[in-house]
Amino acid sequence: MWLGYGLHLGELSPAEARETLEEMRGFVNQLEHVVKQAEQIARDDFEGDPEIARLDREAEARRIQALLSSSAQAA
């Protein structure tokens, strides 16, 4: 089995692929927890100026979308 991400490519046995999949699931669960914490913290970042908060959220959404688009094109 081949696993590719961006410019990186690796060959995995089915057992290695299963192990990698489990590790990736664990990483995604941890990442979700960190994202939730960051969202809670970010709510307080711009309490005084809702316009700045909105612009910051929009910029972050555009940055994430650009990253997702470039990842999808690389795959």
Problem - Salt bridge present between R63 and E60 (N-O < 4.0 angstrom) - result: yes

Fill in the blank from the handout: By side chain to side chain donor-acceptor pair (under 3.5 Å), E51 pairs with (sequence neighbours left out) R54

Problem - Partner residues of H33 under the side chain to side chain donor-acceptor pair (under 3.5 Å) criterion, sequence neighbours left out - result: Q37

Fill in the blank from the handout: Rounded to the nearest 0.5 angstrom, the CG-OG1 distance for L12 and T20 is 5.0 Å

Exercise for the section: Can you spot which of E22, E16, E23 makes a side chain to side chain contact (heavy atoms under 4.5 Å, CB included) with E19? Expected result: E23

Exercise for the section: Could you tell me whether the side chain of L21 reaches within less than 4.5 Å of the side chain of R25, counting heavy atoms only? Expected result: yes

Practice task
Report yes or no: do M1 and M24 belong to one cluster of Ile/Leu/Val/Met/Phe/Trp/Tyr joined by side chain heavy-atom distances under 4.5 Å?
Solution key: no

